[in-house]
Structures are given as C-alpha cells and as structure tokens.
Amino acid sequence: MITFEDIRHNEEVNTYIRMADRTMVAMGFTEHSFAHMTKIAIESGHILEMLGYNPRICELARIAGYMHDIGNMINRYDHAQSGAVMAFTILTKLGMPPDEIAVITCAIGNHDEKTAVPVNAVSSVLILADKMDVRRTRVRDPRNIDVDIHDRVNFAVTDARWDLNLERKDLTLRVTIDNTICPVMDFFEIFLDRMLLCRKAADFLGLTFRLEINGSPLL
C-alpha cells in the first residue's frame with residue numbers, strides 16, 4: 001500500500017510542492033510550502049484518528065493533506081481541481097488502487113472555499129485542517145502587512161490552535177489576534193467563507209464547529 005511516508009519522500013511530489021510555492025511567491029500569497037503541507041497532513045490524520053476512523057482512512061487523509069496544494073504550480077485559480085488531476089496521475093503511476101485514488105482526489109478537488117463541498121470524511125477533515133492553519137509564520141515579508149490584508153491578518157495572529165472535545169462533539173478553533181496590528185473585522189473579511197465551510201465540514205463528521213477570537217465565542 002502507498003503510505004504517507006512514500007508520498008512525503010516522493011521527489012516528483014516534492015518538486016511540484018516547491019514549484020507551487022514559487023508560484024505563490026510570484027502572486028503574493030502566504031506560505032504554501034512544506035510547512036503548510038506537512039501540518040495539514042498530520043492534523044488531518046490526527047483528527048480522524050481521534051474520531052475513531054480506521055487507520056487506512058487516516059493515512060489517505062495524510063496523503064491528501066500533503067498533496068492538496070500542488071495545483072498551485074499551475075495557477076492559484078482552480079488549483080483544487082488541477083491539483084486533483086495531478087494527484088490522480090501521480091497516484092495511478094504509483095499503483096494505488098482506484099478506490100483510494102478516488103477518495104484522495106475527491107478531497108483535493110473539494111478543499112477550496114469557492115467550490116468545496118464536504119463529500120466524505122477525508123474531504124471534510126482536509127477542509128478543516130487547511131482552513132484552520134492561520135499563523136504568523138506563513139507571512140513571507142512583514143513589511144507588506146500594511147498593504148496586504150491576508151498578510152496583515154496572518155501576522156496579527158499570535159496564536160491559533162484547535163481543540164476537539166469528543167464528549168461535546170465539537171471542534172473549536174481558538175485564535176488570538178493582536179488588535180494593534182488589525183481589528184477582528186479584518187479576520188472576518190477574508191476568513192468568513194472559510195469558517196462557514198468549516199462548519200459544514202464539521203457537521204459532516206458529526207461535530208459542531210466553533211470559533212473563539214481573543215476568548216470570545218463568535219461562531
């Protein structure tokens with residue numbers, strides 16, 4: 001069986017990740033390289049493990065998480081769909097069974113908030129892990145925060161962590177924002193659609209998604 005470690009050390013995949021992040025640099029987007037890919041992979045698998053999904057599904061979630069943004073190599077726009085096609089080609093060449101390829105490509109093709117629908121457990125957890133990755137270290141150049149709202153919001157986030165409460169069946173994203181860098185409204189200007197998508201993804205997994213900013217529940 002193809003494992004997360006196989007994909008993580010696959011030079012073709014890693015080449016596309018490097019090239020995709022260079023595209024993001026040219027377009028002025030935040031970090032979308034190995035730090036982001038690895039974080040999403042590990043957290044996607046971890047959440048499904050906590051929910052009791054079988055180990056193979058958790059492994060497919062890690063693979064989807066690691067590959068989910070390779071479509072940025074082509075263009076940021078429609079990157080979910082192009083990334084799904086790229087993943088299909090790579091995984092087919094590696095000999096992964098069609099039923100597993102279908103799960104992974106479906107998840108990758110459904111992770112962008114403009115077109116995403118949480119259609120299975122892997123797609124749902126990929127949405128959650130991806131959209132909850134808000135952090136200062138994704139900002140490439142802090143000198144740009146006055147002109148770019150995405151950099152400003154990410155740089156203003158001094159802490160962001162999620163908590164899965166199995167008894168209450170809720171997943172809470174707790175964010176701390178430095179109000180001297182940007183107001184909370186700036187966060188909602190760029191993240192509201194993503195947070196609403198997280199609510200749908202959590203619902204698919206039988207969870208309630210909650211958002212707390214600076215200790216106040218907002219969603």
Exercise for the section: Scan residues 118-155 for pairs that pass ring-ring contact (aromatic ring centres under 6.0 Å, His included), counting only residues two or more places apart or in two chains. Expected result: none
Practice task
Take E43 and R161 through the test salt bridge (Lys or Arg N to Asp or Glu O under 4.0 Å) and record every step on the way to the result.
Solution key: CA-CA 11 Å; E43 293 192 351; R161 61 189 67 194; over 6 Å; no
Exercise for the section: Kindly give the heavy-atom pair with the smallest separation between G109 and Q81, and that separation in Å. Expected result: O-NE2, 3.4 Å
Problem - Atom pair CG/CG of L171 and D163 - distance to nearest 0.5 Å - result: 8.0 Å
Exercise for the section: Please check if atom CZ in F34 has more than 12 non-hydrogen atoms from other residues, nucleotides or ligands closer than 6.0 Å. Expected result: yes
Exercise for the section: Write down the atom of I108, the atom of A64, and the distance for their closest heavy-atom approach. Expected result: CG1-O, 4.0 Å
Fill in the blank from the handout: The ring pair (Phe, Tyr, Trp, His ring centres under 6.0 Å) partners of F191 (sequence neighbours excluded) come to F187
Problem - R18/E11 ion pair, N-O < 4.0 Å - result: yes
Problem - Pairwise distance CE(M73) to CE(M24) - rounded to 0.5 angstrom - result: 11.5 Å
Problem - V175 and V134, any side-chain heavy atoms less than 4.5 Å apart - result: no
Exercise for the section: Any chance you could pull the hydrophobic cluster mates of V119, using side-chain heavy atoms under 4.5 angstrom and chaining through other members? Expected result: V117
Exercise for the section: Please examine the side chains of I181 and R136, heavy atoms only from C-beta on, and report whether any two atoms are closer than 4.5 Å. Expected result: yes
Handout entry: Student check: side-chain heavy atoms of L197 and L128 closer than 4.5 Å
Key = no
Practice task
With sequence neighbours left out, write down each residue that passes side chain to side chain contact (heavy atoms under 4.5 Å, CB included) with N179, or none if nothing qualifies.
Solution key: I177, V184, N214
Handout entry: Pairing of D6 and R8 as salt bridge, 4.0 angstrom limit
Key = no
Handout entry: Donor-acceptor under 3.5 Å (D148 side chain, D151 main chain)
Key = yes
Exercise for the section: Group every Ile, Leu, Val, Met, Phe, Trp and Tyr by side-chain heavy-atom contacts under 4.5 Å, then state whether M50 and L205 land in the same group. Expected result: yes
Handout entry: Residues which pass ring pair (Phe, Tyr, Trp, His ring centres under 6.0 Å) with Y66, listed by chain and number, not counting sequence neighbours
Key = F4
Exercise for the section: For R210, enumerate each residue passing the side chain to side chain contact (heavy atoms under 4.5 Å, CB included) test, keeping only those at least two apart in sequence or located in another chain. Expected result: D170, T172, T208
Exercise for the section: Using the side chain to side chain contact (heavy atoms under 4.5 Å, CB included) rule, take L207 and L51 through it: C-alpha gap first, then chi angles, then the decisive distance, then the call. Expected result: CA-CA 10 Å; L207 302 170; L51 292 174; 4.0 Å; yes
Handout entry: ILVMFWY cluster, F209 and L218 together (side-chain gap under 4.5 Å)
Key = yes
Problem - Rounded distance [0.5 Å steps], CD1 in I42 versus CE in M37 - result: 13.5 Å
Handout entry: H32 and I17, any side-chain heavy atoms less than 4.5 Å apart
Key = no
Fill in the blank from the handout: Output for pair (T92 OG1, I90 CD1), nearest 0.5 Å, gives 9.5 Å
Handout entry: Where S44 and A129 come nearest, the two heavy atoms and their spacing
Key = OG-CB, 3.5 Å
Practice task
State, with a plain yes or no, whether a side-chain heavy atom of R76 is found less than 4.5 Å away from one of F29.
Solution key: yes
Handout entry: V157 vs T176 side-chain heavy atoms within contact, under 4.5 Å
Key = no
Practice task
Hey, could you give me each pair passing ring-ring contact (aromatic ring centres under 6.0 Å, His included) that has a residue in residues 83-113? Not counting sequence neighbours.
Solution key: H68-H111, H79-H111
Handout entry: Counterpart residues, side chain to side chain contact (heavy atoms under 4.5 Å, CB included), relative to T137 (two or more places apart)
Key = R135
Practice task
Drop me the distance from K131's NZ to C198's SG, to the nearest 0.5 angstrom.
Solution key: 8.0 Å
Exercise for the section: Determine which pairs satisfy ring-ring contact (aromatic ring centres under 6.0 Å, His included) with at least one residue from residues 115-143, sequence neighbours left out, and list them in order. Expected result: none
Completion exercise
Applying side chain to side chain contact (heavy atoms under 4.5 Å, CB included) to I149 and not counting sequence neighbours gives R152, V153, D186, E189, I190
Practice task
For the residue pair M19 and T23, establish whether any side-chain heavy-atom pair is separated by less than 4.5 Å.
Solution key: no
Practice task
Looking only at non-hydrogen atoms, find the nearest pair between I70 and V13 and report the distance.
Solution key: CG2-O, 4.5 Å
Handout entry: Exercise: identify the closest heavy-atom pair between A61 and V122
Key = CA-CG1, 3.8 Å
Exercise for the section: With sequence neighbours left out, write down each residue that passes side-chain hydrogen bond (donor to acceptor under 3.5 Å, both in side chains) with K114, or none if nothing qualifies. Expected result: none
Exercise for the section: Can you tell me which residue pairs pass the side-chain hydrogen bond (donor to acceptor under 3.5 Å, both in side chains) test with a partner in residues 94-106, sequence neighbours excluded? Expected result: R56-E100
Problem - Student check: side-chain heavy atoms of S123 and N120 closer than 4.5 Å - result: yes
Exercise for the section: Measure from the side-chain N and O atoms of T38 to the backbone N and O of A35, and report whether any donor-acceptor pair falls under 3.5 Å. Expected result: no
Problem - Same apolar cluster (I L V M F W Y, side chains within < 4.5 Å links), I47/L211 - result: yes
Exercise for the section: Show the numbers, then the answer: is there a side chain to side chain donor-acceptor pair (under 3.5 Å) between D112 and T115? Expected result: CA-CA 6 Å; D112 185 72; T115 55; 4.6 Å; no
Practice task
Go through I7 and L94 one step at a time and tell me if the side chain to side chain contact (heavy atoms under 4.5 Å, CB included) criterion holds.
Solution key: CA-CA 10 Å; I7 298 302; L94 292 175; 3.7 Å; yes
Handout entry: D69 side chain vs N72 backbone, donor-acceptor pair below 3.5 Å
Key = no
Handout entry: Single-linkage hydrophobic cluster Y53~I40, side-chain heavy atoms < 4.5 angstrom
Key = no
Fill in the blank from the handout: dist L126:CG -> I63:CD1 (nearest 0.5 Å) comes out at 12.5 Å
Problem - Qualifying residue for side-chain hydrogen bond (donor to acceptor under 3.5 Å, both in side chains) with H36, from T30, D21, D130 - result: D130
Practice task
Group every Ile, Leu, Val, Met, Phe, Trp and Tyr by side-chain heavy-atom contacts under 4.5 Å, then state whether M195 and I127 land in the same group.
Solution key: no
Practice task
Starting from the C-alpha separation in whole Å, work towards a yes-or-no answer on side chain to side chain contact (heavy atoms under 4.5 Å, CB included) for M86 and Y16.
Solution key: CA-CA 9 Å; M86 292 171 65; Y16 297 155; 3.8 Å; yes
Practice task
Evaluate the side chain to side chain donor-acceptor pair (under 3.5 Å) criterion for residues E212 and S216: first the C-alpha distance (whole Å), next the side-chain angles of each, then the deciding distance (0.1 Å), finally the verdict.
Solution key: CA-CA 5 Å; E212 292 182 8; S216 299; over 6 Å; no
Practice task
Evaluate the side chain to side chain contact (heavy atoms under 4.5 Å, CB included) criterion for residues K200 and D203: first the C-alpha distance (whole Å), next the side-chain angles of each, then the deciding distance (0.1 Å), finally the verdict.
Solution key: CA-CA 5 Å; K200 294 178 182 177; D203 183 64; 5.6 Å; no
Problem - Pair R140 + E31: basic N to acidic O under 4.0 Å - result: no
